[in-house]
Amino acid sequence: MLFELHKEDQSTKARKGILKTDHGNIETPIFMPVGTLGTVKAVKPEDLRDKIHAQIILGNAYHLYLRPGCDIIEEAGGLHRFMQWDGPILTDSGGYQIYSLSDNRELKEKGAHFKSHLDGSKHLFTPENVVEIQRVLGSDIMMLLDECPPYPCSYEYAKESMELTHRWAERGRKAFLDTESKYGHRQYQFGIIQGGTYEDLRKESTQFMTEQDFEGLAIGGLSVGEPAELMYEMADLNTDLMPAGKPRYLMGVGTPANLLHCVALGIDMFDCVMPTRNARNGQIFTRHGIINIRNAKWKNHHKVFDKEFPSDVSQKYTMSYLHHLFRNSELLGLELTSIHNLTFYLWLMEQMRKRIKDGTFSDWYAGMAEQVDQKI
Ligand SMILES: O=c1[nH]cnc2c(CCNCC3CCCCC3)c3[nH]c(NCc4cccs4)nc3cc12
């Protein structure tokens, strides 16, 4: 069985569990660093394991399919070997990138036609071939091809889109059950709940995806520009209806404050580009709030930003130095802030796991969410 539930908080829906894969076990709730092109940008796999204590990372089927291509990955013996990461990997189907990256795309019953954002070449992702792509990548957990509707969208659009995703889900599950893993380790497949921000559609989609008997379920269609309160409301509605014994993955979420509130709503798994993407713009997440290191006020600030925090960036390099690195677009700046932000996200998840275990989560999380959200 993929998922074991260990402890549930008494006064919130927070829960602690273990995801068991052939590449190792993952303690939940967990944040999954995004490794788009077979690398978590500017971070070596050994730092991911030993400094950041990442337990599972994300790979991206869209990018890897386009470059280096499935044949290279297959000859390398799969993505784990290719990128020298021997821990668990979750890959997305590439569907979301088609919407967010390639401006010329066309959704048809058969699948998603798109033009490569690299060279304009034409491609088609279908519920079946994204299973094959992820078989070749060798991910421990693979995602379905789905459609993520924009926010806001009409009820009719959300309904049409959800029903397409449901038809694709049936085809994707069949393709998964009809094929084998290529490298000898077990692979799992997650369903993706859609329905926009419409309660009745969300309920229908949860019911439908639960019946397909996936090993885990993702909540899609959120973190696409809707207000945080609406995201929480939809996540709350979904976790009320999702089976307790299956892992729950909220896609594309989020800020440290989002993570705290969504764990309290019963979410187990998260991914977001923010810790790495925002790091590259000089945004540093800390226990006491968010620092924009490019701000002139740090030019002459010869102190480190958090001596007690377990990250050598926060204990060793002064803010004046980090400010200097960013003002001069020095590569070291990107590396230091990427490593720090991921360390912070994984540290925050570890604090949540500890507090769910010792029963102090419910009195702590809302105050912590306010604290980490402050602008320093
Ligand atoms: O319904 C969805 N279906 C499928 N994927 C979704 C994603 C992509 C999740 N991360 C993929 C990663 C795979 C590896 C490479 C990188 C992406 C979402 N991301 C967001 N918000 C993103 C964002 C939130 C804040 C800033 S961006 N909402 C999402 C909704 C869906």
Side-chain angles (χ1 to χ4, degrees), residues 31-41 54 56-67 79 83 85 89-102 105 107 112 117 125 127 130 133-134 137 139 141-151 153 157-158 161-162 164-166 168-169 172 189-197 201-202 205-206 209 214 216-228 230-231 234-235 238 248-259 262 267 269-281 283 285 338 341-342 345:
F31 178 80
M32 304 182 282
V34 162
T36 302
L37 276 161
T39 155
V40 176
K41 289 192 182 351
I56 175 171
I57 63 170
L58 248 71
N60 187 303
Y62 171 84
H63 287 279
L64 292 164
Y65 159 85
L66 289 177
R67 216 170 28 181
L79 186 55
M83 68 179 287
W85 164 262
I89 298 177
L90 180 147
T91 49
D92 77 328
S93 66
Y96 188 76
Q97 265 63 44
I98 293 176
Y99 317 135
S100 53
L101 274 178
S102 102
R105 62 174 177 103
L107 290 198
H117 70 292
F125 273 177
V130 297
I133 291 168
Q134 296 175 89
L137 296 178
S139 38
I141 298 172
M142 64 170 87
M143 303 306 291
L144 281 177
L145 181 67
D146 67 320
E147 186 194 0
C148 173
Y151 175 82
C153 73
Y157 188 100
S161 168
M162 178 195 77
L164 178 65
T165 289
H166 288 183
W168 282 359
Q189 186 185 45
F190 278 21
I192 305 181
I193 293 163
Q194 291 294 349
T197 54
L201 298 182
R202 282 254 154 214
S205 194
T206 308
M209 290 292 168
F214 290 103
L217 289 173
I219 298 174
L222 297 178
S223 187
V224 284
E226 78 282 2
L230 184 53
M231 177 171 78
M234 291 299 114
N238 269 149
R248 301 159 178 172
Y249 164 22
L250 179 54
M251 305 185 89
V253 174
T255 66
N258 295 154
L259 297 180
C262 292
I267 302 293
M269 300 162 73
F270 301 88
D271 90 277
C272 190
V273 293
M274 283 180 98
T276 37
R277 185 183 293 173
N278 295 31
R280 296 197 290 277
N281 304 326
Q283 193 173 64
F285 293 104
S338 297
N341 281 354
L342 287 172
Y345 265 61

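Basis for what follows: all heavy atoms, side chains included, without hydrogens, waters or symmetry-related copies. Ligands are counted one by one from 1 in listed order, and the atoms in each one are counted from 1 as well.
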Seminar exercise, completed: To the nearest 0.5 Å, atom CG of L79 lies from atom CG of L137 at 6.0 Å
Problem set entry | Point-to-point distance, once rounded to the nearest 0.5 Å, from CG of L144 to CG of D92 | 11.5 Å
Exercise. Please state which protein non-hydrogen atom is closest to atom 10 (N) of ligand 1 and give its distance, to 0.1 Å?
Worked result: D271 OD2, 2.8 Å
Exercise. Where does M143 meet ligand 1, judged by heavy-atom distances below 4.0 Å: at the side chain, the backbone, both, or neither?
Worked result: neither
For this session: Give yes if a backbone or side-chain nitrogen or oxygen of V273 is under 3.5 Å from a nitrogen or oxygen of ligand 1, and no if not.
Result: no
For this session: Please identify which atoms of ligand 1 are closer than 4.0 Å to at least one heavy atom of Q194.
Result: 1 (O), 2 (C), 3 (N)
Exercise. Going by atom types alone, do D271 and Y249 pair a side-chain donor with an acceptor below 3.5 Å?
Worked result: yes
Exercise. Is there any N or O on D146 that sits under 3.5 Å from an N or O of ligand 1?
Worked result: yes
For this session: Give a yes or no on whether the backbone of M162 and the side-chain of Q194 come within a donor-acceptor separation of less than 3.5 Å.
Result: no
Exercise. Can you check whether L107's main-chain N or O pairs, donor with acceptor, with E147's side chain at less than 3.5 Å?
Worked result: no
Problem set entry | Interatomic spacing from CE in M251 to CG in L58 - rounded to 0.5 Å | 7.5 Å
Exercise. What's the shortest distance from atom 17 (C) of ligand 1 to any protein heavy atom, and which residue and atom give it?
Worked result: Q97 NE2, 3.5 Å
Problem set entry | N/O separation below 3.5 Å, Y249 to ligand 1 | no
For this session: Check ligand 1 against N60 and write out every atom of the ligand that is under 4.0 Å from a heavy-atom position of the residue.
Result: 13 (C), 14 (C), 15 (C), 16 (C)
Problem set entry | For atom 19 (N) of ligand 1, the option (of G252, S93, C272) bearing the nearest heavy atom | G252
Exercise. What's the shortest distance from atom 21 (N) of ligand 1 to any protein heavy atom, and which residue and atom give it?
Worked result: S223 O, 2.8 Å
For this session: Give the residue and atom name of whichever protein heavy atom lies nearest to atom 16 (C) of ligand 1, and the separation in Å to one decimal.
Result: V34 CG1, 3.3 Å
For this session: Give the residue and atom name of whichever protein heavy atom lies nearest to atom 1 (O) of ligand 1, and the separation in Å to one decimal.
Result: G221 N, 2.7 Å
Exercise. Considering M274, H63, M231, M251, which one's heavy-atom position lies nearest to atom 26 (C) of ligand 1?
Worked result: M274
Exercise. Of the options M142, M269, M209, which is the one that meets F190 in a side chain to side chain contact (heavy atoms under 4.5 Å, CB included)?
Worked result: M269
Problem set entry | Near-ring test F270/Y345, centroid separation under 6.0 angstrom | no
For this session: Find out whether I192 and W168 are in side-chain contact, i.e. whether some heavy atom of one side chain is under 4.5 Å from a heavy atom of the other.
Result: no
Seminar exercise, completed: Heavy-atom proximity to atom 6 (C) of ligand 1 ranks first, among Y62, Y96, Y151, for Y96
Problem set entry | Exercise: identify the closest heavy-atom pair between S223 and G252 | OG-O, 2.9 Å
Exercise. Taking the non-hydrogen atoms of G95, is any one of them nearer than 4.0 angstrom to ligand 1?
Worked result: no
Exercise. Hey, what do you get for CG (L230) to OG1 (T197), rounding to the nearest 0.5 Å?
Worked result: 5.0 Å
Exercise. What atoms of ligand 1 come within less than 4.0 Å of a heavy atom belonging to G220?
Worked result: 1 (O), 2 (C)
For this session: Check whether any side-chain N or O of N258 sits under 3.5 Å from a backbone N or O of T255 as a donor-acceptor pair, and report yes or no.
Result: yes
For this session: Look at ligand 1 and say whether V253 reaches it with a heavy atom at a distance under 4.0 Å.
Result: no
Problem set entry | Taking atom 28 (N) of ligand 1 as the reference point, the nearest protein heavy atom with its distance | L222 O, 2.8 Å
Exercise. Between I192 and ligand 1, is there a nitrogen or oxygen pair with a distance under 3.5 Å?
Worked result: no
